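For reference, the structure is listed below as structure tokens.
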Amino acid sequence: MAKIDKKTGVNYWLVKSDPETYSWEMLLHDKYTEWDGVRNYQARNNLKLMKKGDMVLFYHSQLEKAIMGVAKISNEYFHDPTANEGDWVAVEIKPLKTFKQQVSLEDIKKNNLLKAIGLLKQPRLSVMPITKAEFDEILRLSKS
DNA sequence: GCCAACGTTGGC
DNA sequence: GCCAACGTTGGC
């Protein structure tokens with residue numbers, strides 16, 4: 001898989017998915033997917049800020065509670081085709097790298113550098129920004 | 001505009 | 001399966 005580009009100007013994000021609904025494995029199989037169905041204003045606003053080439057950590061909620069890999073934004077926001085009414089948007093993401101070692105919620109909780117990460121501060125938000133430092137630390141933990 | 005009721009999410 | 005957190009809805 002492609003090398004991860006850590007050049008500046010790129011933004012870093014984390015998205016959550018219940019793997020029973022849509023998993024990292026399904027994304028690998030699909031090659032790319034529309035990240036749609038978001039119905040929370042804060043999450044939507046974050047989708048609108050995503051730029052092509054931004055890095056996205058893909059987190060499995062519920063049973064697995066671990067970050068599975070890195071995806072990237074392959075298309076910026078557009079109207080969410082699954083929304084019948086309202087101003088909702090989707091983006092397109094592509095898998096970039098599967099982690100050698102998944103980074104679990106437990107790992108994140110006990111890491112001092114990740115104390116302030118959105119995943120811990122706002123456990124219910126499904127699309128959130130993270131810092132480059134947080135991204136780099138998670139990448140380090142993943143041994144990827 | 002406030003706030004109680006309700007629904008959803010997600011960790012445990 | 002339970003419950004806390006939190007967002008949304010609707011009555012007033």
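When reading the values below, keep in mind they use all heavy atoms of this one structure, side chains included, and skip hydrogens, waters and symmetry mates. Throughout, protein chains are lettered first and strands after them, A, B, ... in sequence-line order, and every chain is numbered starting at 1. All of these numbers come straight from a predicted model, not from anything done at the bench.
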Donor on one side chain, acceptor on other, A:Asp30 and A:Thr33, under 3.5 Å: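 Side chains of A:Asp30 and A:Thr33: no pair found under 3.5 Å.
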Using a heavy-atom distance cut-off of less than 4.0 Å, which residues of residues 104-114 of chain A contact DNA chain B?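 A:Leu105, A:Lys109 - these, ordered by number, are the residues of the stretch whose heavy atoms sit under 4.0 Å from the strand.
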Indicate the ring-plane relationship of A:Trp35 and A:Phe58, choosing parallel, tilted or perpendicular according to the 30° and 60° boundaries.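 A:Trp35 and A:Phe58: perpendicular rings.
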Can you tell me how far OH of A:Tyr41 sits from CG of A:Asp87, rounded to the nearest 0.5 angstrom?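 Here the rounded value is 8.5 Å.
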Gap separating the CD atom of A:Glu34 from the OH atom of A:Tyr22, nearest 0.5 angstrom: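 Spacing of CD (A:Glu34) from OH (A:Tyr22) equals 10.5 Å.
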Got a list of side-chain donor-acceptor pairs under 3.5 Å for residues 114-129 of chain A, not counting sequence neighbours?
residue  : atom : partner  : partner atom : Å
A:Lys115 : NZ   : A:Asn112 : OD1          : 2.5
A:Gln122 : OE1  : A:Gln42  : NE2          : 3.4
A:Gln122 : NE2  : A:Gln42  : OE1          : 3.1

Touch check for A:Asn40, heavy atoms < 4.0 angstrom, all strands: base, sugar-phosphate only, or nothing?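 A:Asn40: backbone/sugar contact only, no base atoms under 4.0 Å.
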Between A:Lys109 and A:Glu106 (salt bridge meaning N to carboxylate O under 4.0 Å), is one present in this structure?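 Salt bridge: no.
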Is it the case that over 12 heavy atoms from other parts of the model lie below 6.0 angstrom from the NZ atom of A:Lys48?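 Check passes, neighbour count above 12.
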When you look at OH of A:Tyr77, are more than 12 heavy atoms from neighbouring residues, nucleotides or ligands closer to it than 6.0 Å?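 Counting neighbours around OH of A:Tyr77, 12 or fewer heavy atoms of other residues, nucleotides or ligands fall under 6.0 Å, so no.
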On DNA chain C, reading 5' to 3', which nucleotide is the first and which the last to sit with an atom under 4.0 Å from a heavy atom of chain A, could you check?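 Range of nucleotides within reach of chain A: C:dA5 to C:dT8.
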